[in-house]
S.K.: 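Got a structure for you, questions after.
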Amino acid sequence: MAGMGSSPFKKCINPSCNLTYEINNSTLVCKCGSFLDIIYQYNYSRELIHVFYQRRNHGGNIYNESGVWRFRELINFAHLDTEDLEECSRVLVSLDGSEGRQSKPYKMKKVSEYAQVDNDSLLLQPEGYNPSGSFKDNGMSTAVTHAKMINMNRIICASTGNTSASAAMYAANENIECEVYVPKGEIAPGKLGQAFQFGAQVIEVDGNFDDALTYSLKEAQQVGAYTVNSINPFRIEGQKTIIYRALEYLDWNPPDWIVYPGGALGNTSSCGKALIELYNLGWIKKIPRLLVVNAEGANTFYELTNGVFGGEKLTWNRGRPNIRLINDYYKGKDREGVKPHTKATAIQIGKPANLIKALRSIDFTNGIVMQVSDQEMSDGMALVGLNGFDCEMASGAVPAGIRKLRQQEIIKKDDVVVGILTGKQKDPKLSIEYHLNRSNTFSKPPVAK
Ligand SMILES: *Cc1c(COP(=O)(O)O)cnc(C)c1O
Ligand SMILES: [Zn+2]
């Protein structure tokens with residue numbers, strides 16, 4: 001097929017190391033401890049955007065129906081001839097074409113009014129409309145594809161709930177084992193229910209997400225299980241398609257801003273990688289600015305990049321960020337016994353695994369990292385609901401963040417803004433509590449008869 005160069009490979013992101021690894025082995029993190037990128041050597045032409053679009057008329061082919069695999073040339077780590085559908089179906093993992101199928105940008109009038117952005121230029125993309133109810137399915141389909149490519153039949157993860165739901169769903173569908181480490185009592189009931197429902201082995205950790213991740217990585221190493229957290233570079237590949245779908249909606253004219261909530265920063269990393277690759281391929285000329293929104297109670301990325309800690313702003317610095325600053329920050333938090341705390345449990349993370357890759361994304365896009373309160377996220381979540389769309393509290397960080405930057409006049413009124421609503425509501429208690437409380441701006445309390 002045209003544009004097909006030599007095989008992709010994995011490469012360490014640390015320029016002082018630069019080690020490479022072949023795709024078909026189980027190495028997910030470099031020997032030096034740094035994360036890996038998937039590097040492609042294809043030179044696909046921009047004309048492919050028409051092929052991507054035509055595939056929406058899928059004719060029953062699940063790899064065209066899938067909003068992930070529809071863009072398979074841009075995530076072709078399996079080095080397939082992507083037009084040979086039989087070859088694709090032997091390798092690519094899909095939940096019957098449903099991942100990414102229903103998520104694309106929508107206009108939400110009440111949110112644009114609230115954020116004071118023109119209605120035509122604010123676009124929100126509900127990734128909660130994925131089969132397991134969050135954006136995680138985009139990257140899980142690709143990670144499980146790689147697991148199968150190297151014959152792993154046991155996957156493992158730590159999760160604030162949505163990663164485990166997604167992993168368990170794909171594992172069940174592919175008939176492989178799945179173990180999920182969750183912080184006990186700190187994940188939404190709807191998410192925990194999914195892990196059980198899909199037959200995963202749940203391991204409840206007496207600690208927070210950061211502790212659960214430590215345990216699961218240790219276990220993975222001991223038993224030879226395959227980690228599907230976002231430290232896994234194949235997760236990052238699938239999540240690039242979130243951006244492709246947004247760009248497709250805009251006829252591949254990049255917006256001015258792309259906005260995500262920030263948790264472990266896998267999304268932030270994948271967005272940056274997607275844009276870097278499209279730019280290098282010459283498919284886009286303009287680079288959107290990335291806005292990452294932390295919860296005030298889990299604001300590591302915000303504090304480090306804004307120089308709140310140690311007086312120095314942490315930056316990518318051409319692949320050589322100040323690691324000592326990061327370690328000192330974590331040591332300080334541990335010493336003071338400070339744990340991340342927010343009702344938006346999906347982003348209640350103190351040590352974002354993808355911090356370094358996320359710095360690269362901020363650097364490439366001249367991005368901004370900010371923080372919002374739990375109240376602001378709840379208001380954002382409620383407003384999305386008032387437009388007929390469902391999202392969870394962590395996703396509420398997106399409208400809240402856009403509004404704040406708009407107030408500061410950093411986002412202009414007619415800037416084109418794409419916000420990613422990462423997941424749907426799986427903790428109905430939060431919606432009910434919000435509306436029962438009259439003091440909330442958008443509440444509509446029930447009436448008794
Ligand atoms: C996982 C998750 C996040 C955080 O995404 P990262 O890529 O870890 O930053 C945010 N919102 C929801 C709903 C999630 O499930
Ligand atoms: Zn390395």
Side-chain angles (χ1 to χ4, degrees), residues 10-21 27-37 103 125-130 132-140 157-167 182 187-188 190-191 194 209-210 213 228-233 235-236 238-240 242 259-273 290 292-295 298 300-302 319-320 340 342 344-358 361 369 377 380-381 384 390-398 401 419-427 430:
K10 306 176 197 138
K11 182 169 180 234
C12 179
I13 63 166
N14 180 351
S16 325
C17 170
N18 265 335
L19 270 179
T20 62
Y21 302 83
T27 304
L28 296 177
V29 175
C30 186
K31 264 188 239 165
C32 79
S34 297
F35 282 12
L36 300 172
D37 268 337
S103 77
Q125 182 162 312
E127 290 293 325
Y129 295 7
N130 263 293
S132 83
S134 83
F135 79 83
K136 300 295 198 301
D137 297 338
N138 291 284
M140 203 55 73
C157 67
S159 182
T160 59
N162 278 333
T163 298
S164 48
S166 184
V182 299
I187 87 170
K191 299 176 185 177
Q194 284 179 294
F209 169 80
D210 302 307
L213 182 60
V228 294
N229 280 101
S230 56
I231 68 162
N232 181 321
R235 271 277 305 278
I236 303 299
Q239 286 168 209
K240 292 189 313 193
I242 296 170
V259 189
Y260 288 101
L265 303 175
N267 254 340
T268 304
S269 304
S270 69
C271 178
K273 186 167 189 280
L290 193 47
V292 180
V293 189
N294 267 168
T300 299
F301 198 37
Y302 167 77
R320 294 180 175 82
T342 166
T345 50
I347 52 174
Q348 184 172 260
I349 292 173
K351 298 179 179 169
N354 272 288
L355 179 60
I356 310 288
K357 280 186 180 176
S361 301
V369 187
M377 282 188 279
M381 172 184 85
V384 168
D390 188 21
C391 79
E392 70 163 79
M393 191 164 153
S395 314
V398 168
I420 309 301
L421 302 174
T422 43
K424 78 168 184 206
Q425 183 61 277
K426 298 182 186 180
D427 199 348
L430 289 178

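Source: prediction; values computed, not measured. Order of appearance sets the numbers: ligands from 1, and atoms from 1 within every ligand. The figures that follow rest on heavy atoms only: side chains count, while hydrogens, waters and symmetry mates do not.
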S.K.: With a 4.0 Å cut-off on heavy atoms, does F135 reach ligand 1?
M.R.: yes
S.K.: For atom 8 (O) of ligand 1, find the nearest protein heavy atom and state the residue, atom name and distance (0.1 Å precision).
M.R.: A264 N, 2.8 Å
S.K.: Among protein heavy atoms, which sits nearest to atom 12 (C) of ligand 1, and what does the distance come to when rounded to 0.1 Å?
M.R.: T422 OG1, 3.3 Å
S.K.: Does ligand 1 have an atom that lies less than 4.0 angstrom from a heavy atom of I347?
M.R.: yes
S.K.: May I ask you to decide if D137's main-chain N or O and N130's side chain share a donor-acceptor pair within less than 3.5 Å?
M.R.: no
S.K.: Nearest 0.5 Å, what's the NZ-NZ distance between K273 and K240?
M.R.: 4.0 Å
S.K.: Sub-3.5 Å donor-acceptor pair from the side chain of S166 to the main-chain atoms of S132, do we have one?
M.R.: no
S.K.: Identify the protein heavy atom lying closest to atom 14 (C) of ligand 1, giving its residue, its atom name and the separation to 0.1 Å.
M.R.: K136 NZ, 2.9 Å
S.K.: Taking G161's backbone N and O only, do any of them form a donor-acceptor pair with S164's side chain (distance below 3.5 Å, no angle check)?
M.R.: yes
S.K.: Do you see a donor-acceptor pair shorter than 3.5 Å between the side chains of E127 and S103?
M.R.: yes
S.K.: Which of the atoms in ligand 1, numbered in the order shown and given with their element, are less than 4.0 Å from a heavy-atom of E392?
M.R.: 13 (C)
S.K.: Is there any N or O on G266 that sits under 3.5 Å from an N or O of ligand 1?
M.R.: yes
S.K.: State the atoms of ligand 1, each with its element, that fall below the 4.0 Å cut-off from a heavy-atom position in N162.
M.R.: 13 (C), 14 (C), 15 (O)
S.K.: Any N/O of L265 closer than 3.5 Å to an N/O of ligand 1?
M.R.: yes
S.K.: Number the atoms of ligand 1 from 1 as they appear, then name those within less than 4.0 Å of a heavy atom of A394, with their elements.
M.R.: 11 (N)
S.K.: Relative to the heavy atoms of N267, which atoms of ligand 1 are at a distance of less than 4.0 Å?
M.R.: 7 (O)
S.K.: Do the side chain of D37 and the main chain of I13 share a donor and acceptor less than 3.5 angstrom apart?
M.R.: no
S.K.: I'd like to check which ligand 1 atoms, numbered from 1 as shown, lie under 4.0 Å from a non-hydrogen atom of G423.
M.R.: 13 (C)
S.K.: How long is the straight-line distance from CG of N138 back to CD1 of I236, given to the nearest 0.5 Å?
M.R.: 11.5 Å
S.K.: Do T422 and S395 get their side chains close enough for a donor-acceptor pair, meaning under 3.5 Å?
M.R.: yes
